[in-house]
Amino acid sequence: MALCVTDATRALACRDGRAAANLKLVSMFVIFFTSVIGISSPVMLARLFQGKPVYDKAILIIKCFAAGVILSTSLVHVLPDAFDSLSDCQVASHHPWKDFPFSGLVTLIGVLTALLVDLTATSHVDSHSHSHSHGNKGSSEYTPIGTHEGLGTACKKSAETEVELVVDDRQSEELVKLKQRLVSQVLEIGIIFHSVIIGVTMGMSQNQCTIRPLVAALAFHQIFEGMGLGGCIAQASFSFGTTAYMCFMFSVTTPMGIVLGMIVFSVTGYNDSSPNALILEGLLGSLSSGILIYMGLVDLIALDFFHNKLMGSQPWLKKASFIALVLGSTSMSILALWA
């Protein structure tokens, strides 16, 4: 109880609505431009290297850096913040929040939800591909080899087999592209979810001592998180319009969240440090953390390190990709010192 009183006294000393509003306006422009830089840089690099021999390798290394950023975001930033919100003395002293670790439970729900979406979409894509491939196959006929017709038929079947192999390779490539697009879209949903929470929390806050260090920290946070998402978008090879739309949505989500938080506070006077606000922030943060953990480990790291033919055929590329993964994780983890 004494700790709660000390925290409340410190918060009142930093509470200045006008100074906080000025900081929020500055932060909206700063975060928007850093988000654009972060998410567009991998996309621009991918288009620059497209058609060159190093294109696939560059995209793979960028994506591994992105996987490290996403995994660090979920485990070092989002999950601890959600745990802190639900373990706050205003929340943890009441039922049922003091009886059960809800942050871990909701994180598990987020992981299982992402798995369900992944399974549903993948099975739909596989069933569509199988029905398409079965429809293209004709009936096979037996002709004895040894006669002139038999030799001709054998050559014809050999050519048809080669054509079928080419078709199968193209279909497998299309399946990989569809999977990459699905991963990028689900990943953006998880990141946007997290960005909205950050923006609304900052928009409702009237504590200038909290907002001031967050402006610079969130700017770097958006750069690295944008690079993570941009690497996945670049590998998925979306059309220009879809790529631009996804980049725009990521860039404006946090500023829009700040505006929404300011509107909610001005209309309702809602206190961001109230128990209800802490519970909502903790539950939403835990859910988005579960989604990002699943996407980072299963759809990014495991998919590339264990199921990528390019990395399996070139050992040096696997080492370079692991170094990129560590660098992405490290760069995002260091930001936890400030935000």
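Please read these numbers as outputs of a predicted model, since none were measured by experiment. Side chains included, hydrogens not; waters and symmetry mates left out as well; all remaining heavy atoms used.
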Original post:
Below 4.5 Å, heavy atoms only, C-beta onward: do L317 and I61 meet side chain to side chain?
Top reply: yes

Original post:
Of all heavy-atom pairs between A302 and V298, which one has the smallest distance, and what is that distance?
Top reply: CB-O, 3.5 Å

**OP:** Would you kindly confirm whether L116 and Y294 end up in one hydrophobic cluster when ILVMFWY residues are joined by side chain heavy atoms under 4.5 Å apart?
**Re:** no

Original post:
In Å and rounded to the nearest 0.5 Å, what is the OG to CG distance from S40 to L45?
Top reply: 9.5 Å

Subject >> Any residue meeting side chain to side chain contact (heavy atoms under 4.5 Å, CB included) with T242, in chain and number order, not counting sequence neighbours >> reply: F238, S239, M246

Subject >> Audit row: F33, V36, side chain to side chain contact (heavy atoms under 4.5 Å, CB included) steps and yes/no >> reply: CA-CA 5 Å; F33 285 112; V36 171; 5.6 Å; no

**OP:** Considering non-hydrogen atoms only, spot the tightest contact between F32 and S251 and give its length.
**Re:** CD1-O, 3.6 Å

Original post:
Can you name the closest pair of heavy atoms from I258 and S27 and give their distance?
Top reply: CD1-OG, 3.7 Å

Subject >> Single hit among T107, V91, L86 for side-chain contact (heavy atoms from CB on, under 4.5 Å) with F102 >> reply: L86

Subject >> Connected via hydrophobic side-chain network under 4.5 Å: Y245 and I37 >> reply: no

Original post:
When you look at I39 and I233, which way does the side chain to side chain contact (heavy atoms under 4.5 Å, CB included) test go after all the steps?
Top reply: CA-CA 9 Å; I39 196 169; I233 292 174; 4.1 Å; yes

Subject >> Heavy atoms of other groups near F322 CZ, more than 12 under 6.0 Å >> reply: no

Original post:
Roughly how far, to the nearest 0.5 Å, is CD of E188 from OG1 of T253?
Top reply: 7.0 Å

Subject >> Inter- and intrachain pairs under side chain to side chain donor-acceptor pair (under 3.5 Å), touching residues 314-325, at least two apart >> reply: Q314-W316

Donor-acceptor contacts under 3.5 Å from residues 324-334 side chains, at least two apart:
from: S329; atom 1: OG; to: G68; atom 2: O; distance (Å): 3.4
from: S329; atom 1: OG; to: L325; atom 2: O; distance (Å): 3.0
from: T330; atom 1: OG1; to: V326; atom 2: O; distance (Å): 2.7
from: S331; atom 1: OG; to: L327; atom 2: O; distance (Å): 3.0
from: S331; atom 1: OG; to: G328; atom 2: O; distance (Å): 3.0
from: S333; atom 1: OG; to: S72; atom 2: OG; distance (Å): 2.8
from: S333; atom 1: OG; to: S329; atom 2: O; distance (Å): 2.6

**OP:** List the atom of G282, the atom of A82, and the distance in Å for their closest heavy-atom pair.
**Re:** O-CB, 3.4 Å

**OP:** Flag yes if more than 12 heavy atoms outside F83 fall under 6.0 Å of its CZ atom; otherwise flag no.
**Re:** no

**OP:** Would you give the length of the straight line joining atom CG of L71 to atom CG of L292, rounded to the nearest 0.5 angstrom?
**Re:** 9.5 Å

**OP:** Calculate, to the nearest 0.5 Å, the distance between atoms OG1 and CD1 belonging to T254 and I31 respectively.
**Re:** 6.0 Å

Original post:
Are the side chain of S289 and the backbone of G285 linked by a donor-acceptor contact shorter than 3.5 Å?
Top reply: no

Original post:
Would I279 and I109 show up in the same hydrophobic cluster when neighbours are defined by side-chain heavy atoms closer than 4.5 Å?
Top reply: yes

Subject >> Spacing of M202 atom CE and M28 atom CE [to the nearest 0.5 Å] >> reply: 10.5 Å

Original post:
If we only count heavy atoms from C-beta on, is the F250 to Q222 side-chain gap below 4.5 Å?
Top reply: yes

Original post:
Does some side-chain heavy atom of L75 sit less than 4.5 Å from a side-chain heavy atom of I293?
Top reply: yes

Original post:
Are L287 and L283 joined in one hydrophobic group, where the rule is that I, L, V, M, F, W and Y side chains link up if heavy atoms are under 4.5 Å apart?
Top reply: yes

Original post:
Does a side-chain heavy-atom distance below 4.5 Å link V264 with V200?
Top reply: no

Original post:
V111 and G290: which non-hydrogen atoms are nearest, and at how many Å?
Top reply: CG2-O, 3.3 Å

Original post:
Mind checking whether V26 and F29 sit in one hydrophobic cluster, side chains of I, L, V, M, F, W, Y counted as touching below 4.5 Å?
Top reply: no

**OP:** Measure the CG-SG distance between L229 and C247 for me, rounded to the nearest 0.5 Å.
**Re:** 7.5 Å

